[in-house]
Amino acid sequence: MAHPVSLDALLKQCRVEDGARFDPVSHPTRIADLEGIGKSDGKHLLRRGVKRLSELQTLLYANGTWSLLLVFQAMDAGGKDGMIKHVMSGVNPQGVSVTSFKQPGPVELAHDYLWRVHMAAPSCGRIGIFNRSHYEEVLVTRVHPELLVRQKIPASLRTDAIWQERYQDIRHFEHYLSRQGTVVLKFFLNLSKEEQRRRFLQRIDEDQKHWKFSASDARERTHWNAYQAAYHDAIRNTASPHAPWVVVPADRKWMARLLVMETIIQALEALNMTIPEPSQDLIDDMAVVRKELVAEAPKKGHAA
(Lines give C-alpha, C1' and ligand atoms only; values in the text may rest on other atoms or scores of the structure.)
Protein backbone atom coordinates (compact mmCIF):
# COMPACT_ATOMS: atom_id res chain seq x y z
CA MET A 1 0.00 0.00 0.00
CA ALA A 2 1.45 3.38 -1.03
CA HIS A 3 2.22 5.86 1.74
CA PRO A 4 0.31 9.18 1.66
CA VAL A 5 2.25 11.94 -0.11
CA SER A 6 2.71 15.37 1.47
CA LEU A 7 1.17 18.43 -0.17
CA ASP A 8 4.59 20.04 -0.72
CA ALA A 9 5.98 16.88 -2.29
CA LEU A 10 2.97 16.57 -4.58
CA LEU A 11 3.25 20.21 -5.66
CA LYS A 12 6.88 19.60 -6.66
CA GLN A 13 5.95 16.37 -8.42
CA CYS A 14 3.25 18.11 -10.47
CA ARG A 15 5.47 20.96 -11.66
CA VAL A 16 7.29 20.49 -14.98
CA GLU A 17 9.96 23.07 -15.82
CA ASP A 18 12.13 20.91 -18.07
CA GLY A 19 10.11 19.32 -20.82
CA ALA A 20 12.95 17.00 -21.82
CA ARG A 21 12.54 15.23 -18.48
CA PHE A 22 8.76 14.99 -18.59
CA ASP A 23 7.53 11.43 -18.14
CA PRO A 24 3.72 10.95 -18.26
CA VAL A 25 4.04 7.74 -16.22
CA SER A 26 5.18 9.75 -13.18
CA HIS A 27 2.04 11.91 -13.31
CA PRO A 28 -1.00 9.83 -12.27
CA THR A 29 -4.56 11.05 -12.67
CA ARG A 30 -5.45 10.13 -9.10
CA ILE A 31 -3.57 10.41 -5.80
CA ALA A 32 -5.05 8.13 -3.16
CA ASP A 33 -4.17 10.16 -0.07
CA LEU A 34 -2.49 13.38 1.01
CA GLU A 35 -0.50 13.20 4.23
CA GLY A 36 -2.59 14.64 7.04
CA ILE A 37 -5.21 16.08 4.65
CA GLY A 38 -8.60 14.52 3.97
CA LYS A 39 -11.43 15.83 1.83
CA SER A 40 -12.89 18.00 4.62
CA ASP A 41 -9.42 19.34 5.47
CA GLY A 42 -8.83 20.07 1.79
CA LYS A 43 -12.03 22.09 1.56
CA HIS A 44 -11.02 24.07 4.66
CA LEU A 45 -7.59 24.77 3.15
CA LEU A 46 -9.26 25.82 -0.07
CA ARG A 47 -11.44 28.36 1.77
CA ARG A 48 -8.37 29.70 3.53
CA GLY A 49 -6.53 29.83 0.23
CA VAL A 50 -9.35 31.82 -1.38
CA LYS A 51 -8.89 34.47 1.33
CA ARG A 52 -5.11 34.54 0.88
CA LEU A 53 -5.44 34.78 -2.89
CA SER A 54 -7.74 37.77 -2.45
CA GLU A 55 -5.04 39.50 -0.38
CA LEU A 56 -2.40 38.74 -2.99
CA GLN A 57 -4.62 40.04 -5.78
CA THR A 58 -4.92 43.34 -3.92
CA LEU A 59 -1.13 43.57 -3.78
CA LEU A 60 -0.86 42.68 -7.47
CA TYR A 61 -3.31 45.43 -8.42
CA ALA A 62 -1.77 47.99 -6.06
CA ASN A 63 1.72 47.42 -7.43
CA GLY A 64 0.52 47.69 -11.02
CA THR A 65 3.64 46.14 -12.52
CA TRP A 66 3.38 42.35 -12.47
CA SER A 67 0.51 40.44 -14.06
CA LEU A 68 -0.53 36.78 -13.86
CA LEU A 69 -1.64 34.51 -16.70
CA LEU A 70 -3.30 31.21 -15.81
CA VAL A 71 -3.76 28.72 -18.64
CA PHE A 72 -6.15 25.79 -18.11
CA GLN A 73 -6.14 22.82 -20.46
CA ALA A 74 -7.88 19.48 -20.04
CA MET A 75 -9.76 16.78 -21.83
CA ASP A 76 -13.51 17.33 -22.02
CA ALA A 77 -15.13 17.07 -18.55
CA GLY A 78 -11.72 17.70 -17.01
CA GLY A 79 -13.11 20.31 -14.61
CA LYS A 80 -11.75 23.58 -16.01
CA ASP A 81 -14.95 25.59 -15.42
CA GLY A 82 -15.40 24.33 -11.87
CA MET A 83 -11.72 24.91 -11.15
CA ILE A 84 -11.94 28.56 -12.19
CA LYS A 85 -15.21 29.04 -10.28
CA HIS A 86 -13.91 27.63 -6.99
CA VAL A 87 -10.29 28.81 -6.98
CA MET A 88 -11.09 32.35 -8.10
CA SER A 89 -14.27 32.72 -6.02
CA GLY A 90 -12.76 35.31 -3.66
CA VAL A 91 -10.97 37.62 -6.08
CA ASN A 92 -12.23 41.01 -7.21
CA PRO A 93 -13.80 40.44 -10.64
CA GLN A 94 -12.68 43.92 -11.74
CA GLY A 95 -9.09 42.68 -11.65
CA VAL A 96 -9.67 39.42 -13.52
CA SER A 97 -10.48 38.56 -17.12
CA VAL A 98 -11.51 35.09 -18.28
CA THR A 99 -11.16 34.22 -21.95
CA SER A 100 -12.63 31.02 -23.37
CA PHE A 101 -11.02 30.33 -26.72
CA LYS A 102 -13.65 28.80 -28.95
CA GLN A 103 -13.29 27.70 -32.55
CA PRO A 104 -11.84 30.72 -34.41
CA GLY A 105 -14.20 32.76 -36.60
CA PRO A 106 -13.52 34.60 -39.87
CA VAL A 107 -11.70 37.51 -38.22
CA GLU A 108 -9.41 35.24 -36.20
CA LEU A 109 -8.75 33.00 -39.20
CA ALA A 110 -7.58 36.03 -41.17
CA HIS A 111 -4.77 36.55 -38.63
CA ASP A 112 -1.96 34.42 -37.25
CA TYR A 113 -3.06 31.96 -34.58
CA LEU A 114 -1.43 33.87 -31.71
CA TRP A 115 -3.08 37.18 -32.62
CA ARG A 116 -6.23 36.72 -30.54
CA VAL A 117 -4.22 35.22 -27.69
CA HIS A 118 -1.91 38.19 -27.35
CA MET A 119 -4.92 40.52 -27.45
CA ALA A 120 -6.32 38.70 -24.39
CA ALA A 121 -3.11 38.70 -22.32
CA PRO A 122 -3.52 40.41 -18.93
CA SER A 123 -2.46 44.02 -18.46
CA CYS A 124 -0.30 45.17 -15.55
CA GLY A 125 -1.78 44.44 -12.14
CA ARG A 126 -4.39 42.02 -13.46
CA ILE A 127 -5.01 38.27 -13.58
CA GLY A 128 -5.84 36.73 -16.95
CA ILE A 129 -7.38 33.27 -17.19
CA PHE A 130 -7.41 31.24 -20.39
CA ASN A 131 -10.08 28.53 -20.41
CA ARG A 132 -8.45 26.63 -23.24
CA SER A 133 -5.81 28.64 -25.03
CA HIS A 134 -3.22 28.88 -27.79
CA TYR A 135 -2.43 25.24 -26.99
CA GLU A 136 -5.55 24.19 -28.88
CA GLU A 137 -3.45 24.88 -31.98
CA VAL A 138 -1.13 21.98 -31.11
CA LEU A 139 -3.86 19.80 -29.58
CA VAL A 140 -7.20 19.83 -31.42
CA THR A 141 -5.56 21.01 -34.63
CA ARG A 142 -2.96 18.28 -34.38
CA VAL A 143 -5.57 15.57 -33.78
CA HIS A 144 -7.64 17.06 -36.64
CA PRO A 145 -5.03 18.47 -39.06
CA GLU A 146 -7.74 19.20 -41.64
CA LEU A 147 -8.45 22.33 -39.56
CA LEU A 148 -5.19 23.82 -40.84
CA VAL A 149 -6.78 24.32 -44.25
CA ARG A 150 -9.29 26.79 -42.76
CA GLN A 151 -6.45 28.87 -41.33
CA LYS A 152 -5.41 30.14 -44.78
CA ILE A 153 -1.82 29.05 -44.30
CA PRO A 154 -0.05 28.65 -47.65
CA ALA A 155 0.03 25.01 -48.69
CA SER A 156 3.82 25.07 -48.93
CA LEU A 157 3.99 25.88 -45.20
CA ARG A 158 1.59 23.14 -44.08
CA THR A 159 4.31 20.54 -43.68
CA ASP A 160 5.12 18.03 -40.94
CA ALA A 161 7.44 20.65 -39.46
CA ILE A 162 4.53 22.90 -38.52
CA TRP A 163 4.12 21.38 -35.04
CA GLN A 164 7.74 21.92 -34.04
CA GLU A 165 7.48 25.43 -35.48
CA ARG A 166 4.41 26.12 -33.37
CA TYR A 167 6.06 24.79 -30.23
CA GLN A 168 8.89 27.22 -30.92
CA ASP A 169 6.41 30.08 -31.49
CA ILE A 170 4.69 29.33 -28.19
CA ARG A 171 7.96 29.07 -26.25
CA HIS A 172 9.07 32.44 -27.57
CA PHE A 173 5.67 34.05 -26.95
CA GLU A 174 5.54 32.88 -23.34
CA HIS A 175 9.16 33.87 -22.75
CA TYR A 176 8.35 37.32 -24.13
CA LEU A 177 5.39 37.68 -21.75
CA SER A 178 7.54 36.66 -18.78
CA ARG A 179 10.14 39.28 -19.72
CA GLN A 180 7.41 41.92 -19.58
CA GLY A 181 6.39 40.97 -16.03
CA THR A 182 3.69 38.38 -16.72
CA VAL A 183 3.90 35.30 -14.50
CA VAL A 184 2.80 32.38 -16.69
CA LEU A 185 1.35 29.23 -15.11
CA LYS A 186 -0.07 26.45 -17.28
CA PHE A 187 -2.27 23.76 -15.76
CA PHE A 188 -3.04 20.43 -17.41
CA LEU A 189 -5.91 18.84 -15.49
CA ASN A 190 -4.90 15.22 -15.95
CA LEU A 191 -8.13 13.20 -16.13
CA SER A 192 -8.40 9.45 -16.60
CA LYS A 193 -10.55 8.01 -19.39
CA GLU A 194 -12.64 6.13 -16.82
CA GLU A 195 -13.31 9.29 -14.79
CA GLN A 196 -14.31 11.11 -17.97
CA ARG A 197 -16.75 8.27 -18.77
CA ARG A 198 -18.24 8.58 -15.27
CA ARG A 199 -18.66 12.37 -15.58
CA PHE A 200 -20.28 12.08 -18.99
CA LEU A 201 -22.77 9.57 -17.55
CA GLN A 202 -23.53 12.01 -14.71
CA ARG A 203 -24.33 14.69 -17.27
CA ILE A 204 -26.75 12.32 -18.98
CA ASP A 205 -28.35 10.81 -15.86
CA GLU A 206 -28.69 13.91 -13.65
CA ASP A 207 -31.25 16.48 -14.78
CA GLN A 208 -29.39 19.46 -13.33
CA LYS A 209 -26.31 18.55 -15.37
CA HIS A 210 -27.97 18.11 -18.77
CA TRP A 211 -26.85 21.58 -19.82
CA LYS A 212 -23.22 20.45 -19.54
CA PHE A 213 -23.62 17.56 -21.96
CA SER A 214 -22.28 17.73 -25.49
CA ALA A 215 -22.52 14.78 -27.87
CA SER A 216 -19.54 16.08 -29.84
CA ASP A 217 -17.41 16.15 -26.68
CA ALA A 218 -18.35 12.56 -25.90
CA ARG A 219 -17.55 11.44 -29.45
CA GLU A 220 -14.06 12.92 -29.18
CA ARG A 221 -13.34 10.04 -26.79
CA THR A 222 -12.58 7.96 -29.87
CA HIS A 223 -9.46 10.12 -30.26
CA TRP A 224 -8.37 9.69 -26.63
CA ASN A 225 -4.93 8.24 -27.38
CA ALA A 226 -4.19 10.87 -30.03
CA TYR A 227 -5.09 13.65 -27.59
CA GLN A 228 -2.93 12.14 -24.85
CA ALA A 229 0.02 12.00 -27.24
CA ALA A 230 -0.60 15.60 -28.32
CA TYR A 231 -0.74 16.80 -24.72
CA HIS A 232 2.42 14.96 -23.78
CA ASP A 233 4.30 16.38 -26.78
CA ALA A 234 3.06 19.89 -26.00
CA ILE A 235 4.29 19.64 -22.41
CA ARG A 236 7.64 18.19 -23.47
CA ASN A 237 8.19 20.97 -25.97
CA THR A 238 6.93 24.01 -24.04
CA ALA A 239 7.67 23.47 -20.33
CA SER A 240 10.26 25.90 -19.01
CA PRO A 241 11.18 27.66 -15.74
CA HIS A 242 9.52 30.90 -16.91
CA ALA A 243 6.36 29.14 -18.12
CA PRO A 244 6.03 25.82 -16.28
CA TRP A 245 3.36 23.21 -16.76
CA VAL A 246 1.60 21.90 -13.66
CA VAL A 247 0.24 18.43 -14.37
CA VAL A 248 -2.60 18.12 -11.86
CA PRO A 249 -4.14 14.75 -10.90
CA ALA A 250 -7.74 15.69 -11.70
CA ASP A 251 -9.82 12.61 -10.87
CA ARG A 252 -10.50 14.00 -7.38
CA LYS A 253 -11.85 17.53 -7.74
CA TRP A 254 -11.14 18.79 -4.23
CA MET A 255 -7.51 17.72 -4.44
CA ALA A 256 -7.04 19.22 -7.90
CA ARG A 257 -8.47 22.55 -6.73
CA LEU A 258 -6.23 22.61 -3.68
CA LEU A 259 -3.12 21.95 -5.80
CA VAL A 260 -3.99 24.69 -8.27
CA MET A 261 -4.76 27.15 -5.46
CA GLU A 262 -1.48 26.47 -3.66
CA THR A 263 0.51 26.77 -6.90
CA ILE A 264 -0.98 30.19 -7.63
CA ILE A 265 -0.44 31.42 -4.07
CA GLN A 266 3.19 30.30 -4.06
CA ALA A 267 3.84 32.03 -7.39
CA LEU A 268 2.38 35.34 -6.19
CA GLU A 269 4.10 35.15 -2.80
CA ALA A 270 7.42 34.64 -4.58
CA LEU A 271 7.06 38.16 -6.05
CA ASN A 272 7.49 39.58 -2.52
CA MET A 273 4.97 42.36 -3.17
CA THR A 274 4.10 44.99 -0.60
CA ILE A 275 1.77 47.98 -0.66
CA PRO A 276 3.80 50.60 -2.56
CA GLU A 277 4.99 53.69 -0.71
CA PRO A 278 3.17 56.86 -1.83
CA SER A 279 5.10 59.44 -3.81
CA GLN A 280 5.95 62.78 -2.19
CA ASP A 281 3.41 64.48 -4.44
CA LEU A 282 0.69 62.15 -3.17
CA ILE A 283 1.75 62.70 0.43
CA ASP A 284 1.52 66.46 -0.10
CA ASP A 285 -1.90 66.12 -1.75
CA MET A 286 -3.21 64.00 1.12
CA ALA A 287 -2.05 66.57 3.65
CA VAL A 288 -3.85 69.39 1.81
CA VAL A 289 -7.08 67.40 1.33
CA ARG A 290 -7.04 66.19 4.93
CA LYS A 291 -6.79 69.77 6.16
CA GLU A 292 -9.75 70.74 3.96
CA LEU A 293 -11.87 67.80 5.16
CA VAL A 294 -11.12 68.53 8.80
CA ALA A 295 -12.12 72.16 8.28
CA GLU A 296 -15.50 70.99 6.96
CA ALA A 297 -16.36 69.27 10.25
CA PRO A 298 -19.52 70.70 11.88
CA LYS A 299 -18.97 73.15 14.71
CA LYS A 300 -19.63 71.90 18.25
CA GLY A 301 -23.31 72.14 19.05
CA HIS A 302 -24.34 72.35 15.39
CA ALA A 303 -26.03 69.48 13.56
CA ALA A 304 -24.21 67.97 10.62
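Not measured: the values here are computed from a predicted model.
At least one side-chain heavy atom of R252 sits less than 4.5 Å from a side-chain heavy atom of R30. Side-chain contact check for W224 versus Q196: some heavy-atom pair is nearer than 4.5 Å. In this structure the side chain of C14 reaches within 4.5 angstrom of the side chain of P249, judged on heavy atoms. For the pair R221/R197, a side-chain contact is recorded, criterion being any heavy-atom separation below 4.5 Å from C-beta on. Annotation: side chain of I204 is in contact with side chain of F213 (closest heavy-atom distance under 4.5 Å). Side-chain atoms of P104 and R116, non-hydrogen and from C-beta on, do get closer than 4.5 Å to each other. Between E55 and T58, the closest side-chain pair of non-hydrogen atoms is not below 4.5 Å. Here the side chains of L45 and I37 are in contact, with some heavy-atom distance below 4.5 Å.
Put simply, the side chain of T182 never gets that close to the backbone of S178: no donor and acceptor are under 3.5 Å apart. A donor-acceptor pair is defined here as one N or O able to donate and one able to accept, closer than 3.5 Å; such a pair exists between the side chain of H86 and the backbone of G82. The backbone N or O of D217 lies less than 3.5 Å from no partner atom in the side chain of E220, so there is not a single donor-acceptor pair. A donor-acceptor pair under 3.5 Å links the side-chain atoms of D41 to the main chain of G38, judged by distance alone. Of the possible donor and acceptor atoms, one in the side chain of R199 sits under 3.5 Å from a partner among the backbone N and O of A77. In this structure a side-chain-to-backbone donor-acceptor pair under 3.5 Å is missing from R126 to S67. Panel note: side chain Y231, backbone A74; a donor-acceptor pair is recorded below 3.5 Å. Judged by distance alone, the side chain of D76 and the main-chain N or O of A218 form no donor-acceptor pair under 3.5 Å. Remark: the backbone N or O of T274 is paired with a side-chain donor or acceptor of N63 at under 3.5 angstrom.
Between the NE2 atom of H172 and the OG1 atom of T238 there is a distance of 12.5 Å, given to the nearest 0.5 Å. If you take CG on L46 and NZ on K51, they are separated by 14.5 Å, rounding to the nearest 0.5 Å. One finds the CD atom of E269 at 12.0 Å from the CD1 atom of I264 (value rounded to the nearest 0.5 Å).
In the displayed structure, D160 atom CG is contacted under 6.0 Å by at most 12 heavy atoms of other residues, nucleotides or ligands. Atom CD of Q280 sits in a crowded spot, with more than 12 heavy atoms from other residues, nucleotides or ligands closer than 6.0 Å. Counting non-hydrogen atoms of neighbouring residues, nucleotides and ligands closer than 6.0 angstrom, the CZ atom of R158 exceeds 12 such neighbours. Atom NZ of K39 is surrounded by 12 or fewer heavy atoms from other residues, nucleotides or ligands within 6.0 Å. Under a cut-off of 6.0 angstrom, the local environment of CD in Q208 is crowded, with over 12 non-hydrogen atoms contributed by other residues, nucleotides or ligands.
In the model, Q151 has no side-chain atom that pairs as donor or acceptor with a side-chain atom of Y113 under 3.5 Å. A donor and an acceptor atom, one from each side chain of E136 and T141, are nowhere located under 3.5 Å apart. A donor and an acceptor atom, one from each side chain of H223 and Q228, are nowhere located under 3.5 Å apart. Side chains of N190 and T29: no donor on one and acceptor on the other come within 3.5 Å. For the residue pair Q13 / H27, no side-chain donor-acceptor distance below 3.5 Å is found, with atom types taken as modelled.
Evaluated for a salt bridge (charged side-chain N to carboxylate O under 4.0 Å, His left out) with E137, the options R132, R142, R166 yield exactly one hit, R166. The residue from F72, W115, F130 that alone fulfils the ring-ring contact (aromatic ring centres under 6.0 Å, His included) condition with F101 is F130.
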TODO: Output, in order, the C-alpha distance, side-chain angles, deciding distance and verdict of salt bridge (charged side-chain N to carboxylate O under 4.0 Å, His left out) for E174 and K186.
DONE: CA-CA 10 Å; E174 292 172 349; K186 303 173 295 190; 2.8 Å; yes
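Nearest heavy-atom pair, N237 versus R171, reported as atom, atom and distance to 0.1 Å: O-NH1, 2.9 Å. In plain terms, the two heavy atoms of P122 and G128 that are nearest each other are CB-N, 3.5 Å. Between Y135 and A234, the shortest heavy-atom contact is CD2-CB, 4.3 Å.
By the criterion of side-chain heavy atoms lying less than 4.5 angstrom apart, applied directly or through intervening Ile, Leu, Val, Met, Phe, Trp or Tyr residues, V16 is grouped together with I170 in one hydrophobic cluster. If you chain together hydrophobic residues whose side chains sit under 4.5 Å apart, L56 and I275 fall into the same group.
Ring geometry, Y227 versus H144: the interplanar angle exceeds 60°, so the pair is classed perpendicular (tilted spans 30 to 60°).
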